[in-house]
Amino acid sequence: MFWLFRVGPAGRQDRSPRLRLRGQDAAERDAEDKLAIVRAGQRHVGTLTVSQYLDEWLAGKRRLRPTTRRGYETDIRLHLKPLIGAVPLSGLAQGPH
């Protein structure tokens, strides 16, 4: 029997590959490792600006067609960075009061 799990943002369809592990114990250990990485990233969010996050996000996109990558780069450079690039990522969740 194989155990499958997926780690992804809550409320969104996860498109990450499924991990196929032999045995529940192996699956639980691997899931705990992945969750620790996610939690560590959440702590790091407070120090990142939107601009830094977007650079890291785009660098992590390995399987993009060249035209898609150029489109993302252009949108980020012309629209997102000038408008909200300097905002701390943690400040986006707060919204207006």
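All residue numbers refer to positions in the sequence shown, counting from 1. Scope of the values below: all heavy atoms of this structure, side chains included, with no hydrogens, waters or symmetry mates.
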What closest approach, in Å, do V50 and I84 show between heavy atoms, and which atom pair accounts for it? CB-O, 3.3 Å
Taking atom NZ of K61 and atom OG1 of T68, what is their separation to the nearest 0.5 Å? 11.5 Å
Applied to residues 73-82, the side-chain hydrogen bond (donor to acceptor under 3.5 Å, both in side chains) test, sequence neighbours excluded, yields D55-K81
What heavy-atom pair brings L58 and R69 nearest, and what distance separates the two atoms? O-NH1, 3.2 Å
Going only through I, L, V, M, F, W and Y residues with side-chain contacts under 4.5 Å, is there a path from L80 to L83? yes
Would you say the side chain of L54 lies within less than 4.5 Å of the side chain of Y72, judging by non-hydrogen atoms? no
Pairs flagged by salt bridge (charged side-chain N to carboxylate O under 4.0 Å, His left out) wherever residues 82-92 is involved - sequence neighbours left out: none
Test your reading of the model: is there a side-chain donor-acceptor pair from E56 to the backbone of Y53, 3.5 Å cut-off? no
List the atom of T49, the atom of G85, and the distance in Å for their closest heavy-atom pair. CB-O, 3.4 Å
